[in-house]
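Below you'll find the structure I mean.
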Amino acid sequence: MMKLFSQLLDLIYKKQCYFCKKTIDNSIMCKNCYAQIDLLQPKPLMFIEDIPVFSATVYGKNMQKLIRGLKYHNKKDLAAYQAKLMSEYWNTIEKKEMTYSIVPVPLFKTREKKRKYNHMLLVAHEFSKLFSYQVKNNLIYRTKNTKPQYKLTIKERQENLHNAFSAKKENYNGENILLIDDILTTGSTLTEIIKELKKNGITKITCLTTSCTASHV
C-alpha cells in the first residue's frame, strides 16, 4: 500500500534531478546528468601489495555531487546510480568473469550509528543485484575512529589509518574478494585493509573504487 502511495505521489509531484534540478525523467538523477560521467579505461590504476586497484570514473563535478549526496546528505537513492556506474565499468574488464564476495570499506560503529547507514554497504547491495555476488559485511571491521582523510597529508593519512582495521578470518571461505570504496586518492585506506587481510591469509583480492582523483589518470 505504501509503495503504491509513493508511486502515486511521484506521478503528481515529479522527482527533481539532484544534479540539474529538472523533472523531465522523474528521477533523482536524469539520463543527461548520468551520461555526463565518462568511464575510465579498463586497466588497474595502481597496485597495492600486488593487488590491482580499478576505478570506474574520475572524481569530477557530477561524480562529486553523487558521492557527497549519498555519503553526507541522506540521498540513499543515489546508491543505485553509483553501483550502476561501477557495474558498467566492471563489465569492461576480464576479472568480471570470476565470482566474488563484495566487501565494502567499513565505517567505525559510532560514525555509522550517527549517519544511520554505511553508504558503501548500500552501494554493495545494489552492485550485488547486478552480478548476483554475495555481500560480505562481516569480514573486515574498522576498530579505530579515524579523522576524515581529505584534510590530511599522505603521511598523516598513513598514521591516521595505522591499525584501523581488523579482519575476521573465520568469516572467510576461500572466495575471491572484491573490495569496494568510493574515492581513490592516495590509496591509504585500501592499503591498510589489504595488509590486514593478507596478514590473515586472505590474498585473493581485487579493489574497485567508484572514482579517483585526476592525478591517477
Side-chain angles (χ1 to χ4, degrees), residues 39-59 63-64 67-68 70-71 79 82-83 85-87 89-90 93 95-96 98 100-108 111-112 118-124 127-128 133 135-169 171-172 175-217:
L39 297 181
L40 292 173
Q41 293 297 311
K43 60 182 182 181
L45 293 183
M46 63 189 302
F47 287 85
I48 299 174
E49 302 270 323
D50 296 323
I51 301 299
V53 181
F54 297 87
S55 281
T57 70
V58 173
Y59 190 56
M63 199 69 251
Q64 289 178 26
I67 287 173
R68 292 183 67 83
L70 172 61
K71 193 171 184 176
Q82 190 169 333
L85 281 163
M86 295 173 77
S87 71
Y89 174 80
W90 189 244
I93 67 176
K95 281 186 170 287
K96 74 177 179 63
M98 302 163 69
Y100 294 82
S101 285
I102 309 171
V103 176
V105 169
L107 289 176
F108 190 67
R111 189 174 297 179
E112 185 170 349
N118 176 356
H119 60 291
M120 287 313 300
L121 179 58
L122 296 181
V123 174
F127 190 89
S128 72
Y133 293 165
V135 176
K136 180 158 283 194
N137 196 37
N138 62 355
L139 182 62
I140 193 86
Y141 293 88
R142 195 181 287 255
T143 55
K144 182 179 172 183
N145 193 10
T146 53
K147 299 175 184 176
Q149 289 284 92
Y150 66 90
K151 296 180 179 179
L152 307 178
T153 65
I154 293 176
K155 185 178 179 180
E156 288 172 337
R157 286 170 186 249
Q158 293 169 343
E159 292 172 352
N160 185 44
L161 289 164
H162 183 62
N163 291 330
F165 300 97
S166 178
K168 295 284 187 180
K169 187 178 180 179
N171 294 326
Y172 180 64
E175 72 270 38
N176 298 304
I177 297 299
L178 181 60
L179 178 62
I180 67 167
D181 201 5
D182 51 8
I183 310 168
L184 174 66
T185 49
T186 64
S188 299
T189 301
L190 296 178
T191 297
E192 289 302 314
I193 294 176
I194 288 168
K195 284 180 179 178
E196 176 62 18
L197 291 173
K198 282 193 165 187
K199 191 170 74 176
N200 284 272
I202 302 168
T203 60
K204 295 159 65 177
I205 311 162
T206 300
C207 298
L208 174 64
T209 67
T210 314
S211 63
C212 66
T213 54
S215 61
H216 285 287
V217 181

Worksheet item: Would you call Ile202 and Leu139 a side-chain contact if the rule is heavy atoms closer than 4.5 Å?
Response: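 Heavy-atom side-chain distance check passes, below 4.5 Å.
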
Worksheet entry | For Phe165, the option from Ile194, Thr189, Leu197 that meets side chain to side chain contact (heavy atoms under 4.5 Å, CB included) |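 Considering Ile194, Thr189, Leu197, a side chain to side chain contact (heavy atoms under 4.5 Å, CB included) with Phe165 is found only for Thr189.
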
Worksheet entry | Main-chain N/O of Val105 paired to Asn118 side chain as donor or acceptor, under 3.5 Å |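 Here the side-chain-to-backbone pair exists.
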
Fill in: Nearest-0.5 Å distance, CD1 of residue Ile140 to CD of residue Glu196
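Atom-to-atom, Ile140:CD1 and Glu196:CD are 5.0 Å apart.
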
Practice prompt. Report the relative orientation of the aromatic rings in Tyr133 and Tyr100; use parallel for angles under 30°, tilted for 30 to 60°, perpendicular for over 60°.
Written response: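 Plane angle between 30° and 60°, so tilted.
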
Discussion item. Within the 4.5 Å heavy-atom criterion, are Val103 and Ile193 side-chain neighbours or not?
Written reply: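 No, side chains not in contact.
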
Worksheet entry | Residues that Glu175 engages under salt bridge (Lys or Arg N to Asp or Glu O under 4.0 Å), provided they are two or more places apart |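 Here the qualifying residues are Lys136.
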
Worksheet item: So, for Cys207 and Leu190, which heavy atoms are closest and what is the spacing to 0.1 Å?
Response: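 So the two residues come closest at CB-CD1, 4.2 Å.
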
Worksheet item: In chain order, what residues pass the salt bridge (Lys or Arg N to Asp or Glu O under 4.0 Å) check against Lys198, with sequence neighbours excluded?
Response: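 Expected list: none.
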
Worksheet item: Does any donor atom in the side chain of Ser55 or Thr209 lie under 3.5 Å from an acceptor atom in the other side chain?
Response: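 On atom types as modelled, these side chains qualify, holding a pair under 3.5 Å.
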
Fill in: Atom of Gln82, atom of Leu70 and distance for their closest heavy-atom approach
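For Gln82 and Leu70, the tightest heavy-atom pair comes out as OE1-CD2, 3.3 Å.
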
Worksheet item: Is Thr191 close to Ile48 at the side-chain level, that is, under 4.5 Å between some pair of heavy atoms?
Response: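 Yes. Closest side-chain heavy atoms under 4.5 Å.
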
Worksheet entry | salt bridge (Lys or Arg N to Asp or Glu O under 4.0 Å) partners of Lys71, counting only residues at least two apart |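 Lys71: salt bridge (Lys or Arg N to Asp or Glu O under 4.0 Å) contacts with Asp182.
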
Discussion item. Can you give me the closest heavy-atom contact between Ala79 and Leu122, atom names plus distance?
Written reply: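 Shortest heavy-atom separation between Ala79 and Leu122 comes out as CB-CB, 3.8 Å.
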
Discussion item. Please check: side-chain N/O of Tyr141 versus main-chain N/O of Leu107, any donor-acceptor pairing under 3.5 Å?
Written reply: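 No.
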
Discussion item. To the nearest 0.5 Å, what is the distance between CD1 on Ile177 and OH on Tyr172?
Written reply: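 Ile177 CD1 to Tyr172 OH: 5.5 Å, rounded to 0.5 Å.
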
Worksheet entry | Thr210 and Met63, any side-chain heavy atoms less than 4.5 Å apart |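 Heavy-atom side-chain distance check passes, below 4.5 Å.
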
Worksheet entry | Side-chain donor/acceptor of Thr143 to backbone N/O of Ala164, under 3.5 Å |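 Yes, the answer is positive, given that a donor and an acceptor are paired below the 3.5 Å cut-off.
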
